[in-house]
Participant: 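Here it is, the structure in full.
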There are 2 protein chains.
Amino acid sequence: MPKDRAPTRIQKKNRAAILEAALNVFSAHGFRGATVDQIAAEAGLSKPNLLYYFPSKEAIHTALLSGLLETWLAPLHELDKNGDPMTEILSYIHRKLQMSRELPRESRLFANELVQGAPRIHDALSNDLKALVDEKTAILTTWMDQGKIARVHPYHLFFSIWALTQHYADFDVQVRAILSEEDPFEGAGPFIDMLYRKLLSP
Amino acid sequence: MPKDRAPTRIQKKNRAAILEAALNVFSAHGFRGATVDQIAAEAGLSKPNLLYYFPSKEAIHTALLSGLLETWLAPLHELDKNGDPMTEILSYIHRKLQMSRELPRESRLFANELVQGAPRIHDALSNDLKALVDEKTAILTTWMDQGKIARVHPYHLFFSIWALTQHYADFDVQVRAILSEEDPFEGAGPFIDMLYRKLLSP
DNA sequence: CGTGAGTTTGACCAGATGGTCAAATCAAGA
DNA sequence: TCTTGATTTGACCATCTGGTCAAACTCACG
């Protein structure tokens, strides 16, 4: 294992290559479905070499997940209580949809984890995610009290946004099987936009 | 392997037990994450005994999936072009939500499969599902033409229904991490109902 | 009963998989 | 250039996993 000093040029390059390869493999096959050999091959390293940078398969997975959780929650952090309610919410939704479009592997990595009971990120959900959602829920409730948006169950509002936006990344095959030619995101943006405008108009 | 005659009492019992156990294990761990030993143990059989009833792990999985696909599409089949548009659509949505509540393992089985690219049911999606959706899409379009419901992209309407309803089964852990005490379906029903009423009101 | 088909199992196998290790190779500063 | 730590690898190992097989056991029925 590399020493605990400042990472060398080679360490940076190889760690990055490993995480990139691992994202491909884990998101496509899930944790148990992924093999270390496969990740190593995709990263252009031998298996022992890979295990020189990360102590175990589990460690790679953990590194990926914890790194991505931050990225994943970022769009919600930006929701600003001082902005215009409808604009803020729609912007959040479009940021989420954009993430599904640009980071589908990340979305599927989380989906794999969640569908299987989130054994490795359960704590992060109950702590970090829960806290952030509660904070933003309070803002939504204020807006509802002020009559600036329609009154809906704020938690379920979040669930619906996550479900709708991530669906396009997670169930991409199904979406494309139905749409055949059309670019899914082409129609998804306007559809979701209209949906939430109608739902939230006071 | 049991002969091709009418199944004996024991065959019926054991096949059922195997499929039941396999549903538990596959839905919780995905295809590769599941082991034959685990399924056998949960079915109360030895591994060779299990493989006396199904020739391979793959065969069990296939049997499960093809059996369930029918169940899964049933709610959409019921959508009746002669019924009241809004009622028909909302009934469909509630049937789907009910399935997420009562058959969460089945939902997660499909979710696992889809997230990982649906290697084993891709054909069924492009054929059976696509055909059914196209048939029902035509009905929706007629209703829109007649001004009985608002005009929205019908494919994306279906995606949104699937995403919203299955979310509660597939991402159950996350939902519960946010809601803590509350029963998810308690709030989900009214929320989704209101959402589609607003979206589809002409 | 007895018998043949249906059912069950312990022992076993080959390949895959996560991980280890000592030895070899490489890179960069003195 | 030389040295020392960083990097890489071939060979190896224990365990897991899907699957096989012959032998043993059980059951239904004449």
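Every value quoted in this text rests on a predicted model; they were computed, and no experiment measured them. Below, chain A is the first sequence line, B the second, and so on; all start at residue 1.
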Participant: May I ask you to verify if any side-chain N or O of Asn14(A) is less than 4.0 angstrom from the OP1 or OP2 atom of dT8(D)?
Facilitator: yes

Participant: Within less than 4.0 Å of OP1 or OP2 of dT20(D), is there a side-chain N or O belonging to Tyr52(B)?
Facilitator: no

Participant: Could you state the CD-C1' distance from Glu58(A) to dG19(C), rounded to the nearest angstrom?
Facilitator: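 One finds 14 Å between C1' of dG19(C) and CD of Glu58(A), rounded.
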
Participant: Measure from NZ on Lys12(A) to P on dA27(C) and round the result to the nearest Å.
Facilitator: 18 Å

Participant: Does the Lys NZ or Arg CZ of Lys96(A) fall within the cation-pi geometry relative to Trp72(A) - under 6.0 Å from the ring centre and within 45° of the axis?
Facilitator: yes

Participant: Find which nucleotide of DNA chain D each of Lys57(B) and Ile10(B) is nearest to by heavy atoms, and output the residue with the more 5' nucleotide.
Facilitator: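 Comparing both residues, the 5'-ward one is Lys57(B).
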
Participant: So, OP1 or OP2 of dT9(C): does either fall under 4.0 Å of a side-chain N or O from Asn49(B)?
Facilitator: yes

Participant: May I have the distance from Ile18(B) (atom CD1) to dT8(C) (atom C1'), rounded to whole angstrom?
Facilitator: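 Rounding to the nearest Å, CD1 of Ile18(B) and C1' of dT8(C) are 12 Å apart.
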
Participant: Measure CG/Leu45(A) against C1'/dG10(D) and give the value in whole Å, please.
Facilitator: 16 Å

Participant: For DNA chain D, which residues of residues 24-39 of chain B approach it to below 4.0 angstrom with any heavy atom?
Facilitator: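 Per residue number, the list reads Ala34(B), Thr35(B), Val36(B).
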
Participant: Please report the distance, rounded to the nearest Å, between CG in Leu50(B) and C1' in dT20(D).
Facilitator: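 After rounding, the reported distance stands at 14 Å.
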
Participant: Centre of Tyr168(A)'s six-membered ring, under 6.0 Å away, within 45 degrees of the axis: is that where NZ or CZ of Arg101(A) sits?
Facilitator: no

Participant: Are Phe191(B) and His153(A) an aromatic pair by the rule of ring centers under 6.0 Å?
Facilitator: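 No, they do not, as the ring centres are separated by 6.0 Å or more.
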
Participant: Would you please confirm or rule out a distance under 4.0 Å between OP1 or OP2 of dG6(C) and any side-chain N or O of Tyr53(B)?
Facilitator: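 No, no such contact exists.
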
Participant: Does the side chain of Gln11(B) get closer than 4.0 angstrom to OP1 or OP2 of dT7(C) through an N or O atom?
Facilitator: yes

Participant: Could you tell me how far apart Phe54(B) (CZ) and dT7(C) (C1') are, to the nearest whole angstrom?
Facilitator: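 Between C1' of dT7(C) and CZ of Phe54(B): 16 Å.
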
Participant: When you measure from the side chain of Lys13(B) to the backbone of Thr8(B), do you find a donor-acceptor pair of N or O atoms at a distance under 3.5 Å?
Facilitator: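 Checking the backbone N and O of Thr8(B) against the side chain of Lys13(B), no donor-acceptor pair under 3.5 Å is found.
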
Participant: Quick one: does NZ or CZ of Lys136(A) land under 6.0 Å from the six-membered ring centre of Phe158(A), within 45 degrees of the ring axis?
Facilitator: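 Ring-cation test returns no.
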
Participant: Could Arg15(B) and Phe54(B) be counted as a cation-pi pair, given that NZ or CZ must be under 6.0 Å from the ring centre and within 45° of the axis?
Facilitator: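 Flagged: Arg15(B) positioned over aromatic ring of Phe54(B).
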
Participant: Look at Arg9(B) and dC27(D) and indicate whether a side-chain polar atom (N or O) is within less than 4.0 Å of OP1 or OP2.
Facilitator: no

Participant: Nearest to the Thr8(B) side chain among dT7(C), dT8(D), dG10(D), which nucleotide is it?
Facilitator: dT7(C)

Participant: Is any side-chain N or O of Lys47(B) under 3.5 Å from a base N or O of dG18(D), one able to act as donor and the other as acceptor?
Facilitator: yes

Participant: Check this for me: does any side-chain nitrogen of one of Asp145(B) and Arg151(B) sit under 4.0 Å from a carboxylate oxygen of the other?
Facilitator: yes

